[in-house]
2 protein chains.
Amino acid sequence: MGRWEPNARGRLAQAAIELYVERGYEQTTVAEIAKRAGLTERTFFRHFADKREVLFSGSGSLRDHLVNAVDAAPDSAAPIDVIAGAVASVGVLFHERHESARQRQAVIAANAELRERELIKLASLSAALADALRRRGVPDPAASLAAEAGIAVFKIAFERWISGTGEPDLSRFVREAFDELKAVTAGR
Amino acid sequence: MGRWEPNARGRLAQAAIELYVERGYEQTTVAEIAKRAGLTERTFFRHFADKREVLFSGSGSLRDHLVNAVDAAPDSAAPIDVIAGAVASVGVLFHERHESARQRQAVIAANAELRERELIKLASLSAALADALRRRGVPDPAASLAAEAGIAVFKIAFERWISGTGEPDLSRFVREAFDELKAVTAGR
DNA sequence: ACCCTGATGACAGCGGCTGACATCAGTGCT
DNA sequence: AGCACTGATGTCAGCCGCTGTCATCAGGGT
């Protein structure tokens, strides 16, 4: 057996989320998180860049998923449809996750610092999507606009999915929001 | 004459921006800002909620301008055109400000915390625009989508305006970006 | 003269975050 | 076996952003 209990990072993440839910983000100190995980404050900061990052470290896989989906789209597809398809395809990442996603989102919504961090994560998704489009030969500003539009749609679709009850399909909300966007920008 | 030198807030803001430009945001402490303004650290925090806010306190007037422009649009205008007109009209707020805007943007771009704050300010503009549309009777999600699209366009237009030389009209970039967005979402 | 208000100063303290160094189980090499 | 080396963790000191609290004091009204 190892010198230390295994999965220090996972224990820290779980302890953090529990405490954020139990007593709120601001009312939780890093020392408390570390203590619940059986580690020290210093070790927390070795695993997470800051106190917020615990809630966002999973966004890397979302980014990868989106970029892969863009790369896999047929050459003939229009940029907006490539983006729409990629964003709709992230639905699978959230299957069976409705409840934990809702809880996490409630924590984020309750705190301004966390909302800031979420926005920059979304912006980095947008940048990654725009990059992927440019690699396909889509010029700017079309690439940036399509990517920004896609993220705007995702935000709204996700919000509706979270505030809904049960577990309907996130992808459906995404497709609906895209249709609405097309109608709106067409001037209707 | 007053007991204190006048315009404490203005002096703090100017000292802060100077220092942020001279030596970078992170390398500047609030104590240094206060000292240069002839005040104390505590007084800085009476005028600005945090160290970042110095660079963003002007966003309130931008918000007001946008909302007023939406309110003033003719009833017959389509939501997307109301937003396009409102966003394009902010160009006047930036006349003669190209250089200072560029400098400020360089400071923000160089620091992750500042980019986070900028994004949340933009998000609050989007929320204000969506509210204004709803007051006109535009239902959701059309209102939110039109507002998000407007802010996405503004981001891209502003970026192009900043990176350009001389002082062309920001409004022109906004209108061009809106036309591009319409083309993109139409699937071209 | 009197008090009241509002902006500022002085001071103590919390908590996020970092740098530097120590510790020590496992790993592989001789 | 002996040994150096690695890498995750602990320990400690310290900076700085930010806040609560109380004191100070000019100007304005009564």
Side-chain angles (χ1 to χ4, degrees), chain A residues 1-57 107-108 110-118 120-121, chain B residues 1-57 107-108 110-118 120-121:
Chain A
M1 61 183 175
R3 178 180 179 187
W4 303 284
E5 296 300 310
N7 194 22
R9 183 187 176 93
R11 274 151 50 217
L12 284 165
Q14 176 162 1
I17 290 170
E18 284 173 12
L19 286 166
Y20 293 169
V21 169
E22 283 174 24
R23 60 172 78 163
Y25 172 80
E26 285 178 2
Q27 286 65 47
T28 302
T29 71
V30 175
E32 288 165 347
I33 297 169
K35 186 173 182 183
R36 181 173 291 205
L39 294 164
T40 64
E41 190 182 357
R42 193 69 185 84
T43 298
F44 177 92
F45 288 108
R46 287 199 179 91
H47 287 277
F48 300 98
D50 59 59
K51 191 185 165 187
R52 290 175 282 173
E53 197 58 21
V54 192
L55 290 165
F56 297 94
S57 60
V107 172
I108 293 171
N111 182 271
E113 285 179 49
L114 294 175
R115 290 196 301 271
E116 290 191 0
R117 175 58 54 88
E118 182 175 41
I120 213 164
K121 290 290 181 181
Chain B
M1 62 184 174
R3 178 182 178 186
W4 303 282
E5 295 299 310
N7 195 22
R9 184 187 175 93
R11 275 151 50 215
L12 285 165
Q14 177 163 0
I17 291 170
E18 284 173 11
L19 286 165
Y20 293 170
V21 169
E22 283 173 24
R23 59 172 75 163
Y25 172 80
E26 284 178 1
Q27 285 65 45
T28 302
T29 71
V30 175
E32 289 166 346
I33 296 168
K35 187 173 182 184
R36 181 173 291 203
L39 295 165
T40 64
E41 190 183 358
R42 192 67 186 85
T43 297
F44 176 93
F45 287 108
R46 286 200 181 93
H47 286 277
F48 300 98
D50 60 59
K51 190 185 165 188
R52 290 174 284 173
E53 195 58 21
V54 191
L55 291 165
F56 298 94
S57 61
V107 171
I108 294 171
N111 183 272
E113 286 179 49
L114 294 175
R115 291 196 300 271
E116 289 190 359
R117 174 60 53 89
E118 182 174 42
I120 213 162
K121 290 291 181 178

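Letters A, B, ... are given to chains in the order of the sequence lines, protein chains preceding strands, and every chain is numbered from 1. All values below were derived from every heavy atom in this structure, side-chain atoms included, with hydrogens, water molecules and symmetry-related copies excluded.
The A:Phe45 side chain lies nearest to C:dC17 when the options are D:dC18, C:dC17, D:dT21. Among the nucleotides D:dG7, C:dT8, C:dA10, the one closest to the side chain of A:Arg3 is D:dG7. Considering only the side chain of B:Asp50, D:dC18 comes nearest among D:dC18, C:dC17, D:dT11. Which of C:dT8, C:dG16, C:dA20 sits closest to the side chain of B:Thr43 comes down to C:dT8. Residue A:His47 places its side chain closer to D:dT9 than to any other of D:dC18, D:dT9, C:dT8. Distances were taken from every side-chain heavy atom of A:Trp4 (C-beta onward) to each of D:dG7, C:dT8, C:dA20; the shortest belongs to D:dG7.
For the pair A:Glu113 CD and D:dG17 P, the interatomic distance rounds to 15 Å; values are reported in whole Å. In this structure, B:Arg52 places its CZ atom 15 Å from P of C:dG16, rounding to the nearest Å. Remark: P of C:dA22 and CZ of A:Arg42 are 16 Å apart, rounded to the nearest angstrom. B:Glu53 places its CD atom 14 Å from the C1' atom of D:dC18, with the value rounded to the nearest Å. Distance CZ (A:Arg11) to P (D:dA8): 14 Å, rounded to an integer number of Å. The NZ-P distance, from A:Lys51 to C:dG15, rounds to 9 Å in whole Å. In this structure, the CD atom of A:Glu5 is 16 Å from the C1' atom of C:dC24, given to the nearest Å. Put simply, CZ on A:Arg46 is 8 Å from P on D:dT9, counting in whole angstrom units.
What you find for A:Leu12 and A:Ala37 is that their closest heavy atoms are CD2-CB, 3.7 Å. Closest of all the heavy-atom pairs between A:Ala13 and A:Val54 is CA-CG1, 3.6 Å.
Salt-bridge annotation for A:Glu41 and A:Lys51: absent, with no side-chain N of the basic residue lying under 4.0 Å from a carboxylate O of the acidic one. A salt bridge links A:Lys121 with A:Glu53; the closest basic N to acidic carboxylate O contact falls under 4.0 Å. Under the 4.0 Å criterion applied to side-chain N and carboxylate O atoms, A:Glu22 and A:Arg36 are assigned as salt-bridge partners. In summary, A:Glu32 and A:Arg23 engage in a salt bridge, as defined by a charged side-chain N under 4.0 Å from a carboxylate O. Salt bridge annotation for A:Arg11-A:Glu5: absent, with no cationic side-chain nitrogen under 4.0 angstrom from a carboxylate oxygen.
For DNA chain C, the neighbouring residues in residues 19-41 of chain B, judged by any heavy atom under 4.0 Å, are B:Gly38, B:Leu39, B:Thr40.
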